Amino acid sequence: MRIESFEEFEKALADGPYAFPGGYPLYFVMSDGEAMSFKAAVAEKERIREAFEDRSSSDRDWIPMGVEINYEDANLYCCHTNERIESAYAEDEAEPSSDAPTP
């Protein structure tokens, strides 16, 4: 889904972090090509709104250009939080997080 306005961004947030139908995990593609998780987008909603309004070079990277499904990328990380973004089919390949208990 392409995003061209803050209102479209808000609609994407309201639709939730999983695609319907299918329940596939979604993430935002930012104007610089980086991936941002739904969790980070919700936390930074005000900054994203300001970026849409301002569109200056310093804020341009905060503008989401679209929403995509992460089908198989087990190494896709959020550009803001550096947390791994869930994938639909590569969860078994995902690296364990550093805070995961070790056997």
Side-chain angles (χ1 to χ4, degrees):
M1 175 183 144
R2 184 155 176 78
I3 296 175
E4 296 185 9
S5 67
F6 182 71
E7 291 74 20
E8 289 176 347
F9 167 70
E10 284 188 305
K11 179 173 181 341
L13 284 180
D15 288 345
Y18 297 97
F20 180 81
Y24 300 114
L26 300 170
Y27 66 95
F28 290 95
V29 178
M30 307 307 282
S31 64
D32 61 356
E34 294 282 352
M36 180 178 277
S37 68
F38 257 77
K39 181 179 173 182
V42 168
E44 296 298 330
K45 182 178 174 180
E46 184 61 22
R47 177 128 189 210
I48 292 170
R49 183 192 60 75
E50 291 170 358
F52 269 109
E53 290 176 358
D54 185 22
R55 295 198 183 256
S56 70
S57 61
S58 64
D59 282 341
R60 191 174 308 137
D61 293 346
W62 282 95
I63 297 175
M65 302 303 288
V67 178
E68 295 290 332
I69 294 172
N70 183 15
Y71 286 107
E72 297 180 344
D73 190 347
N75 294 306
L76 183 64
Y77 287 83
C78 176
C79 63
H80 185 65
T81 64
N82 204 34
E83 293 178 358
R84 196 177 77 76
I85 297 173
E86 176 186 8
S87 64
Y89 299 115
E91 290 306 291
D92 293 339
E93 300 170 19
E95 295 177 16
S97 69
S98 59
D99 59 347
T102 54

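Because the structure is predicted, anything quoted here is derived from the model rather than measured. Reckoned from all heavy atoms, side chains included, excluding hydrogens, waters and symmetry mates.
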[atom1] of [X] to [atom2] of [Y]: how many Å apart, nearest 0.5 Å?
| X | Y | atom1 | atom2 | answer |
| --- | --- | --- | --- | --- |
| Cys79 | Phe28 | SG | CZ | 11.5 Å |
| Trp62 | Arg49 | CH2 | CZ | 14.0 Å |
| Phe52 | Glu7 | CZ | CD | 8.5 Å |

Using 4.0 Å as the upper bound for N to carboxylate O, is an ion pair formed by Lys45 and Glu10? yes
Cluster overlap [X] with [Y], hydrophobic side-chain contacts below 4.5 Å:
| X | Y | result |
| --- | --- | --- |
| Ile63 | Met30 | yes |
| Val29 | Ile48 | no |
| Val42 | Met65 | yes |

Checking Glu72 against Ser87 for the side chain to side chain contact (heavy atoms under 4.5 Å, CB included) test, could you report, in this order, the C-alpha distance in whole Å, the side-chain angles of both residues, the deciding distance, and whether it holds? CA-CA 6 Å; Glu72 297 180 344; Ser87 64; 5.9 Å; no
Between Pro17, Cys78, Pro25, which is the residue that forms a side-chain contact (heavy atoms from CB on, under 4.5 Å) with Phe38?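 The side-chain contact (heavy atoms from CB on, under 4.5 Å) with Phe38 is passed solely by Pro17 among Pro17, Cys78, Pro25.
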Qualifying salt bridge (Lys or Arg N to Asp or Glu O under 4.0 Å) pairs with a residue from residues 17-41, counting only residues at least two apart or across chains: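 Residue pairs with at least one partner in residues 17-41: Lys39-Glu83.
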State, to 0.1 Å, how close [X] and [Y] come at their nearest heavy-atom pair, and which atoms those are.
| X | Y | answer |
| --- | --- | --- |
| Ile3 | Ala12 | CD1-CB, 4.4 Å |
| Ala40 | Thr81 | CB-CG2, 3.9 Å |
| Leu13 | Ala41 | CD2-CB, 4.1 Å |
| Tyr27 | Ala35 | CD1-CB, 3.6 Å |
| Tyr24 | Ile69 | CB-CG2, 3.4 Å |
| Tyr18 | Gly23 | CD2-O, 3.3 Å |

Are the side chain of Asn70 and the backbone N or O of Leu76 linked by a donor-acceptor pair below 3.5 Å? no
Taking the six-membered ring for Trp, are Tyr89 and Tyr71 parallel (under 30°), tilted (30 to 60°) or perpendicular (over 60°)?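 Rings of Tyr89 and Tyr71: parallel, as their planes differ by under 30°.
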Does Lys11 have any side chain to side chain contact (heavy atoms under 4.5 Å, CB included) partners at least two apart in sequence or in another chain, and if so, which?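 Lys11: side chain to side chain contact (heavy atoms under 4.5 Å, CB included) contacts with Asp15.
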side-chain hydrogen bond (donor to acceptor under 3.5 Å, both in side chains) partners for Glu44, two or more places apart: His80
